[in-house]
There are 2 protein chains.
Amino acid sequence: MRPMFDPVSYAPAYLRVSEAIRTRILGRELREGQVLPTETELARQFEVNRSTVREALRKLESAGLLGRRRGGKRLIVTRPTREAVGGGLSQALTLHRARVVDVWEALQAVQPGIASAAALRRSPAALAKLSACANRFAARSGEREATVTDVADFFDALAEAGANPVFHLLNEPLLRLLKPSLAVIIDRVPQARVRIGAAQVAILAAVKARDAKRAAEWMTRHVRDFRRGYEVAGIDLATEVGEPPAVTSAIS
Amino acid sequence: MRPMFDPVSYAPAYLRVSEAIRTRILGRELREGQVLPTETELARQFEVNRSTVREALRKLESAGLLGRRRGGKRLIVTRPTREAVGGGLSQALTLHRARVVDVWEALQAVQPGIASAAALRRSPAALAKLSACANRFAARSGEREATVTDVADFFDALAEAGANPVFHLLNEPLLRLLKPSLAVIIDRVPQARVRIGAAQVAILAAVKARDAKRAAEWMTRHVRDFRRGYEVAGIDLATEVGEPPAVTSAIS
DNA sequence: CAATATCATATTGTCCGACAATCGGACAGG
DNA sequence: CCTGTCCGATTGTCGGACAATATGATATTG
């Protein structure tokens with residue numbers, strides 16, 4: 001039978017406090033960079049104990065809505081960094097048992113769109129950055145990890161060039177999850193570097209020429225190449241992605 | 001000049017504790033559904049105060065890694081729900097000043113891929129669910145909000161049919177951000193319902209026939225239609241998306 | 001015996017007060 | 001201008017306390 005009443009809702013104080021602050025931030029009443037009142041002051045205003053305020057603050061901190069300047073003591077209003085968002089998302093994807101092939105499929109869907117957005121809207125500055133990424137990759141030899149980073153940077157610069165925050169944010173977790181398997185490809189597929197380099201050059205040229213269609217086409221090929229790379233490298237596509245443990249930020 | 005030293009790192013105890021627990025969860029040592037030790041016990045094990053443990057727990061709670069059964073007292077290990085992840089992401093996108101057109105562009109890139117994944121891999125059950133969504137939409141009249149939900153449900157069911165957790169997770173925030181503007185379209189564009197309904201039928205047929213190409217094509221048209229809808233409805237594409245304030249979960 | 005009411009205990013949510021570490025800024029001296 | 005010194009403000013952490021209630025065991029009843 002359909003329940004006659006909804007369950008009565010109750011939220012502990014630390015939640016109400018964090019929601020109150022969150023609402024202010026989302027509503028732009030608290031603007032980015034602004035320093036939050038001190039914990040004692042917040043406790044006074046909300047009429048709760050400082051411990052309660054602190055629990056609320058930890059939630060917002062973890063959501064990336066609050067942060068602090070390096071070495072700073074006071075909390076300031078921030079917007080979630082791409083890294084933070086990407087970390088959360090890739091964490092979630094890991095727990096949802098996403099597989100290498102799932103990530104690849106998503107890349108296949110998203111990247112061509114990103115490439116054409118970049119071609120349409122790239123600024124000279126963004127183009128320069130993209131170009132720098134491609135050059136850095138081309139000049140690299142050996143150094144597996146750095147090479148992987150170069151590839152990711154290229155994708156990232158491309159997303160940035162598209163001037164679409166949605167693309168830029170969605171891209172981050174995908175790249176993060178791509179990296180480990182990409183490292184294996186770089187290691188085991190001799191021609192990988194050459195093919196990636198060629199694709200980057202072609203995409204760069206298309207973006208430079210503001211040719212969205214060609215940028216998307218090359219990107220499609222580029223991503224398809226990764227799949228080929230998985231096969232040649234002998235990576236099981238059904239491998240679950242998982243960030244290497246202890247990659248997170250806290251240090252002793 | 002390049003700094004000679006890296007900044008010395010220090011992490012407060014509540015962070016170290018939360019990272020320790022997070023690592024255990026990510027490493028599957030703590031499995032989903034498992035109840036966490038009590039706060040007192042954790043405090044004993046980590047050799048910190050209970051207040052400190054609680055701050056750590058709030059962080060993990062906020063990340064969606066811990067939760068509790070409805071009305072429950074003890075914390076249990078959970079994986080971030082799609083809603084939680086989507087909420088965080090759309091919050092971030094709001095603060096990054098994503099515009100309607102940005103979300104639309106992302107949909108345009110992602111949805112065709114989702115549609116073809118669905119066509120390739122849909123199970124009979126998923127197909128039935130998708131079909132039910134389409135029917136519900138078709139039967140709906142008036143009720144703007146419910147109609148919008150129907151549309152989102154269709155997209156969601158499609159993503160689910162694709163059996164790709166990446167798509168499914170990425171889809172949620174996009175839909176969430178789409179909704180407000182979609183509501184306006186439904187309100188102001190008379191032919192919107194008919195066109196959406198027709199697209200759903202066509203996509204459904206393609207998915208049923210396992211015709212990935214056709215599913216993607218229809219989806220492309222479908223999404224393009226939304227853009228047309230924005231124009232007809234007079235929605236400024238540069239409007240920033242923003243969730244309606246106070247939509248969050250906490251109640252007095 | 002199954003279902004239910006009763007009760008004791010464990011656990012969480014919240015408060016209070018305290019203190020060390022350190023950040024931020026003022027201030028003085030070279 | 002850079003450096004060293006001081007002080008107050010603020011955070012991180014602790015210990016203890018208590019009310020409310022979820023949990024699990026036990027007694028009661030049909």
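Numbered from 1 within each chain, the chains take letters A, B, ... in sequence-line order. Side-chain atoms are counted along with the backbone in the values below, which use heavy atoms only and exclude waters and symmetry mates.
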Its contact letters, B for base, S for sugar-phosphate only and - for none at protein heavy atoms under 4.0 Å, make nucleotides 6-20 of chain D read ----BBBBBB-B--B
Summarise protein proximity over nucleotides 4-9 of chain C in one line of letters, 5' to 3': B for base, S for sugar-phosphate only, - for none, counting protein heavy atoms closer than 4.0 Å.
------
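Salt bridge annotation for E19(B)-R16(B): absent, with no cationic side-chain nitrogen under 4.0 angstrom from a carboxylate oxygen. Salt-bridge annotation for E240(B) and R99(B): absent, with no side-chain N of the basic residue lying under 4.0 Å from a carboxylate O of the acidic one. Salt bridge annotation for E55(A)-R58(A): absent, with no cationic side-chain nitrogen under 4.0 angstrom from a carboxylate oxygen. Salt bridge status for R121(A) with E105(B): present, with a side-chain N to carboxylate O gap under 4.0 Å.
Atom CG of L57(B) and atom P of dT12(C) are 9 Å apart (whole Å). The interatomic distance linking R69(B) (CZ) with dT11(C) (P) rounds to 15 Å, in whole Å.
For CZ of R24(B), the number of neighbouring non-hydrogen atoms (other residues, nucleotides, ligands) closer than 6.0 Å is 12 at most.
Applying the salt bridge (Lys or Arg N to Asp or Glu O under 4.0 Å) rule to pairs touching residues 63-73 of chain B yields E61(B)-R68(B), sequence neighbours excluded.
In this model, no donor atom of one side chain and acceptor atom of the other lie less than 3.5 Å apart for N171(B) and E160(B).
With R122(B) contributing its side chain and A161(B) its backbone, the two residues share no donor-acceptor pair below 3.5 Å.
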